[in-house]
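If you read the sequence from its start, that first residue is 1, and numbering goes on from there.
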Amino acid sequence: MRSRLGRLALGATALFTAVSALPAAAATTGQRAEQQPSRDGLSAVIRYTEYGIPHILAKNYADLGFGTGWAQAADEVCTLADGFVTLRGERSRYFGADAPAGGDLSAARTNLASDLYFRGVRESGTVETLLAERAPVGPSREVRNMMRGWAAGYNAWLKQKKVTDPACAGASWVRPVTELDVAARGLAIASISGEGRFVDTITAAQPPAGATAASGTASARTPGAKAVAKAADELWGDPGMGSNAVAFRGDTTAGGRGLLLGNPHYPWDGGRRFWQSQQTIPGELNVSGGSLLGTPAIAIGFNAHVAWSHTVSTGIPASFHQLTLDPADPTTYLVDGRPERMKKRTVTVTVKDGAPVTRTQWWTRYGPVVTSLNSQVPLPWTGMTAYALNDPNAANLRFTDTSLGFSKARGTSDVLASLDRHQGIPWVNTIAADRAGHSLYTQSQVLPRITDELAGRCSTELGRTTYPASGIAILDGSRGDCTLGSDPGAVVPGIFGPARMPTLKDAPYAENSNGTAWMTNADRPLTGYERIFGTVGTQLGLRTRGAIEDVAAMADHGNLTVRDLQRQQFANRVPAGDLAAADAARACAALPGGTATGSDGKAVDVSAACGVLKAWDRTMDTGSRGALLFDRFWRRLEQAVPADRLWKVPFSAADPVRTPNTLNTDAAGLPTALADTVAELRGAGIALDAPLGAHQFVVRDGQRLPVPGGAGRLGVWNVVEPTWDAAAGGYTEVPFGSSHLQAVGWDGSRCPVARTLLTYAQSSNPKSPHSADQTRLFSGEKWVASRFCEKDILSSPKLKIVRVHERR
């Protein structure tokens, strides 16, 4: 294999040296100027094919990182630079303290809160400490070289190219980066669902003073189960991250080999975008897929032997400890009666057009002090009690090594081996299939080691409510016997070891749509895992139900191919519509006089809606008439009717995929929801039977592109989440949904059979020719045929070969 790939690499190099013989479109004067490689710097060969997808060829991991950093900068320099401003804690300096921070790397509401947190992380030396650890706790030599190379490649692009993206052209905050910056970005991504969600309360928490401290006010009353469930939904049911994925075993497919369909749901703008590439080190590595911006390795993808994707899991990646404080000092807490002083982290942030701001954060052996779960569930810091957050991913730099292990894998067993060795996956499940016909699902992720036994023994009064309801553990921090302990095989203390992870091997299908591990396969339910991983025997979401119905039917039918995966992605079936549209149409037709009373007390003629709902094809295709009406109706119905009254047939754990069912048309809120929906659409000037694509869209290059798909709450696989703005006349441009799609299988050749699609295209620079090309494909439900093997790359009619290198 090494010699064959070496010959291919030499062939690619020969092509590059003869680049002047390529068509004019494939070789420019600027490219020829870069032909001479640096004698002592990093370098790579980048072969661009259709849609601006780079195939990066390098001699080693440092060069591979260099080519990746260069190519990412070429496509996304402004987005990347903005993220590095965040990681340095300099947003207030450049953009103002009170401006929104955005949600790319944390949930901070303002730039000031973001800066206080990230500058605190930087000044604490956390990243340097982790970089100094030996693998697998710290990054491997290969990953260190990739991070170093990525920074060098990004910097080389800044030095040699002119920024054309109007988002940051000429901006002083676009600056070179270091390996430390790249590592800090990886750490922020790992902890985005833990400490990242609590930035506002971490940076605002302050000890009580005066009468409050002296009074020793007791902690907040225990909230009800509904408040806890709502808190969990707000914290870890974040619609800003989601996914579907399914792996099929070989005996369900046409060729006896595995199949994988990956469909992650992410923001279409900002720092959580995926970016496509192929990475090749001859004889060592050859992988294609999507990377998260600012990271050097493929996060989801495929090679010649295995394909994998991720879905956001139901695991709760953080826990809490209730601290018993020293009555004389609210910054000292007791453990087994012995006092421990909190550590002060004093941070100063430079502010644009203002004086610097200095704040103090308070840290404990468990983590930072926080003062709330959310606005409904306070965790007040009093003279007696405080709460500390424990996030094991705040010290997790192992994601890249885990991903690199996937990239080198020759089968699903190697995927599991990488998970077991590095234990770096922070908040997602892994679904994989391989050439040999194996399928895999595993919820192998970094979670605080909260066992049900520990929670039962050590939960506080509040924790006894939160843990069963949502998996959020609140433990007694005053007891040494309530520490998290260590599992056999765990890379670091305080997390679960590999043997604890819910895992399903070689099922006919393994599917996840952000639901519990329990129903990965309806015929082989997973049980026996701790509550913090998720629930067993509870009601499934409509997207999970619809997905299981679809993929189980596909597996039963058998003889599957990649084309079947492509059809599933764009089926755009609406499970909520299948369950409820016909009943809603009949209930509508039965309303006296065809009218219903809206929530404002006004009568609304809804008669026209009845026929539209009845005729609707139950899809969210762009041409579907009635889809928009049902979409808006369903959202209002769920708000108007309590979940336990929405269906006549309740949920049954014995039949979780088909229950609950049968719309409760007697629910008092149904006519109201229908009236409000009709009034809403008419008020926005939208016809009740308007085609979906006329109002679900994005604008690219001045052209309005219809977008297929629908909301996850409707059960649609192809998730698209537009934002309703009544004042603007309906939905605004789609900001979130299906992102890096991949449908992968294998035939008898050496090359995987793969179709991909990056829905928002490769570059967010509106001046790039690749800012909208794949978005147009997505609008038309079309795919890109992946060019993986050398013969396919080199035969691309759009081939452009560029040699990139450092100039010293």
Side-chain angles (χ1 to χ4, degrees), residues 12-13 15-20 22 24-49 52-85 145-182 185 275-280 291 293-296 762-771 798-808:
T13 304
L15 269 176
F16 131 57
T17 58
V19 71
S20 58
L22 293 172
T28 67
T29 302
Q31 289 162 20
R32 291 192 192 102
E34 294 175 13
Q35 296 307 304
Q36 296 302 319
S38 170
R39 293 180 179 178
D40 58 354
L42 299 173
S43 64
V45 176
I46 305 176
R47 292 86 57 81
Y48 286 97
T49 58
I53 299 172
H55 305 258
I56 303 162
L57 181 66
K59 303 183 298 293
N60 54 51
Y61 286 100
D63 285 342
L64 185 64
F66 181 85
T68 302
W70 174 288
Q72 282 196 21
D75 286 325
E76 292 286 356
V77 64
C78 291
T79 303
L80 288 164
D82 182 87
F84 289 121
V85 171
N145 284 337
M146 289 180 79
M147 292 192 294
R148 175 174 62 86
W150 193 101
Y154 178 88
N155 295 341
W157 189 92
L158 285 181
K159 184 177 181 180
Q160 299 174 33
K161 296 292 184 180
K162 181 180 179 181
V163 177
T164 61
D165 189 337
C168 70
S172 60
W173 47 268
V174 181
R175 292 159 44 197
V177 301
T178 66
E179 177 190 345
L180 183 65
D181 292 314
V182 179
R185 192 177 190 109
W275 178 84
Q276 282 182 281
S277 71
Q278 183 175 2
Q279 297 182 324
T280 304
S291 303
L293 286 178
T295 62
Q762 189 77 335
S763 176
S764 56
N765 180 359
K767 295 186 177 182
S768 167
H770 305 298
S771 66
K798 299 290 185 179
L799 181 66
K800 179 173 68 174
I801 303 176
V802 180
R803 175 83 174 207
V804 299
H805 58 83
E806 288 182 292
R807 292 177 181 169
R808 297 187 176 181

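Scored by the side-chain hydrogen bond (donor to acceptor under 3.5 Å, both in side chains) test, S768 finds no partners at all (sequence neighbours excluded). Applying the ring-ring contact (aromatic ring centres under 6.0 Å, His included) test to F66 and every residue at least two apart in sequence or in another chain returns nothing. Every residue was checked against the side-chain hydrogen bond (donor to acceptor under 3.5 Å, both in side chains) condition with Q762, not counting sequence neighbours, and none meets it. With sequence neighbours left out, the side-chain hydrogen bond (donor to acceptor under 3.5 Å, both in side chains) criterion links S277 to no other residue.
The main-chain N or O of A73 is never found under 3.5 Å from a side-chain atom of K161 such that the two would form a donor-acceptor pair. Panel note: side chain Q72, backbone G294; a donor-acceptor pair is recorded below 3.5 Å.
Considering L57, V802, D63 as possible partners of V45, the one that fulfils the side-chain contact (heavy atoms from CB on, under 4.5 Å) test is L57.
Pairing each heavy atom of F84 with each of V182, the nearest pair is CE2-N, 4.3 Å. When all heavy atoms of A44 and G67 are compared, the pair lying nearest together is CB-CA, 3.8 Å. K798 and T49 get closest at one heavy-atom pair: CB-C, 4.2 Å. When all heavy atoms are compared, the tightest approach of E179 to A151 is N-CB, 3.8 Å. The two residues T295 and S291 make their nearest non-hydrogen contact at OG1-CB, 4.0 Å. Counting all heavy atoms, side chain and backbone alike, L42 lies closest to A62 at CD2-CB, 3.8 Å.
Between I53 and H770 the shortest side-chain heavy-atom distance does not fall below 4.5 Å. With a 4.5 Å cut-off on side-chain heavy atoms, M146 and Q279 count as touching. At least one side-chain heavy atom of W70 sits under 4.5 Å from a side-chain heavy atom of Q160.
Counting only N and O atoms by type, the side chains of R803 and S43 include a donor and acceptor under 3.5 Å apart. Between T79 and D82, the side chains place no donor N or O within less than 3.5 Å of an acceptor N or O (distance only, hydrogens not considered).
Sorted by first and then second residue, the salt bridge (Lys or Arg N to Asp or Glu O under 4.0 Å) pairs involving residues 66-81 (not counting sequence neighbours) are E76-R273.
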Which donor-acceptor pairs under 3.5 Å do the side chains of residues 163-177 make with protein atoms, sequence neighbours left out?
{"residue": "T164", "atom": "OG1", "partner": "N765", "partner atom": "ND2", "Å": "3.1"}
{"residue": "D165", "atom": "OD1", "partner": "A167", "partner atom": "N", "Å": "3.0"}
{"residue": "R175", "atom": "NH1", "partner": "E90", "partner atom": "OE1", "Å": "2.7"}
{"residue": "R175", "atom": "NH1", "partner": "Y94", "partner atom": "OH", "Å": "3.4"}

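Between atom CG of residue D181 and atom CE of residue M147 there is a gap of 11.5 Å, rounded to the nearest 0.5 Å.
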